[in-house]
Amino acid sequence: MEKTLVILKPSCVQRTLIGEVISRFEKKGLRLAGMKMTQLDDTILSEHYAHLKDRPFFQRVKDSMQACPVIIQCWEGIDAAKVVRSLIGVTNGREATAGTIRGDFSVSSQENIVHASDSSESAKIELKRFFKENEIFDYKLSTLSNLYSSDEI
Ligand code: ADP
């Protein structure tokens, strides 16, 4: 099983959509392996958004991510990174497909409710960035046989 990182951004917290967004991942069949509320700072965000450092909105995005505490989560499932990205939709909420989290709850390219790792490789790096080892829990879902066929697990 693969694990991936999700951050419920200040836009999600302020608009009181935390439960709604968690519910999307739960209903899909992903397992919540870790979750905490934390206040992000400029140092960790500069590392996390290093791929955007030459973009004009770099500082604005980092400031937006520090506007209030965020909820950091680790979700697990087969192909979890790909599955979560398909649930959240494309970056710009105005262009995201209806039915996705960004498509349903965002009208902005910046204030787009969630961050999710864009591949299994970046998920590994990002989980290490935001979680200590003892904050990730490897319990088993009792519904596993209802979520996957025996040859999938
Ligand atoms: P994603 O979050 O979909 O993986 P990126 O890694 O490209 O997208 O961008 C990281 C975050 O930076 C986005 O989620 C969004 O909050 C912000 N962002 C991206 N593009 C823009 C833009 N053109 N204008 C403002 N903010 C943006």
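Please read these numbers as outputs of a predicted model, since none were measured by experiment. In each ligand, atom 1 is the first atom listed, and ligand 1 is the first ligand listed.
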Specify the protein heavy atom at minimum distance from atom 1 (P) of ligand 1: its residue, its atom name, and the distance to 0.1 Å.
Thr91 OG1, 3.6 Å

List the atom of Pro10, the atom of Ser64, and the distance in Å for their closest heavy-atom pair.
CG-O, 3.1 Å

Whether Arg31 engages the ring of Phe137 as a cation-pi pair (distance to the six-membered ring centre under 6.0 angstrom, angle to the ring normal within 45°) should be assessed.
no

Side-chain donor or acceptor of Glu2 paired with backbone N/O of Ala81 under 3.5 Å:
yes

Subset of ligand 1 atoms that lie under 4.0 Å from at least one heavy atom of Ser109:
15 (C), 16 (O), 17 (C), 18 (N), 22 (C), 24 (N), 25 (C), 26 (N), 27 (C)

Answer yes or no: are there more than 12 heavy-atom neighbours, outside Glu133 itself, under 6.0 Å from its atom CD?
no

If you measure every N or O of Asn112 against every N or O of ligand 1, does any of those distances drop under 3.5 Å?
yes

Is it true that Ser23 and Glu26 share a donor-acceptor pair across their side chains at a distance under 3.5 Å?
no

Do me a favour and list the nearest non-hydrogen protein atom to atom 17 (C) of ligand 1 with residue, atom name and distance?
Val61 CG2, 3.6 Å

Any nitrogen or oxygen of Arg55, main chain or side chain, under 3.5 Å from a nitrogen or oxygen of ligand 1?
no

Heavy-atom contact check, 4.0 Å cutoff: does Lys62 meet ligand 1?
no

Show which atoms of ligand 1 fall inside a sub-4.0 Å distance from at least one heavy-atom site of Arg85.
1 (P), 3 (O), 4 (O)

Whether Lys62 engages the ring of Tyr49 as a cation-pi pair (distance to the six-membered ring centre under 6.0 angstrom, angle to the ring normal within 45°) should be assessed.
no

Could you check whether any side-chain N or O of Thr97 sits under 3.5 Å from a backbone N or O of Thr100, counting only pairs where one atom can act as donor and the other as acceptor?
no

Is the closest heavy-atom distance from His48 to ligand 1 below 4.0 Å?
no

Here the gap from Ile71 atom CD1 to Thr38 atom OG1, rounded to the nearest 0.5 Å, amounts to 9.5 Å

Is the side chain of Ser11 donor-acceptor paired with the backbone N or O of Ile113 at a distance under 3.5 Å, no angle test?
yes

Would you call His51 a ligand 1 contact, heavy-atom distance under 4.0 Å?
yes

Could you walk me through whether Val83 and Trp75 satisfy the side chain to side chain contact (heavy atoms under 4.5 Å, CB included) test, starting with their C-alpha distance in whole Å, then the side-chain angles of each, then the deciding distance to 0.1 Å, before giving a yes or no?
CA-CA 10 Å; Val83 169; Trp75 289 95; over 6 Å; no

Taking only non-hydrogen atoms of Arg102 and a 4.0 Å limit, the atoms of ligand 1 in range are 1 (P), 2 (O), 3 (O), 14 (O)

Quick check: His115 and ligand 1, any N/O pair under 3.5 Å apart?
no

Nearest protein heavy-atom contact for atom 23 (N) of ligand 1: which residue, which atom, what distance?
Phe57 CE2, 3.5 Å

Non-hydrogen atoms of Asp118 versus ligand 1: any pair closer than 4.0 Å?
no

Going by the atom numbers of ligand 1, which of them fall below 4.0 Å from some non-hydrogen atom of Leu52?
9 (O), 10 (C), 12 (O)

Mind checking whether Lys9 has a heavy atom under 4.0 Å from ligand 1?
yes

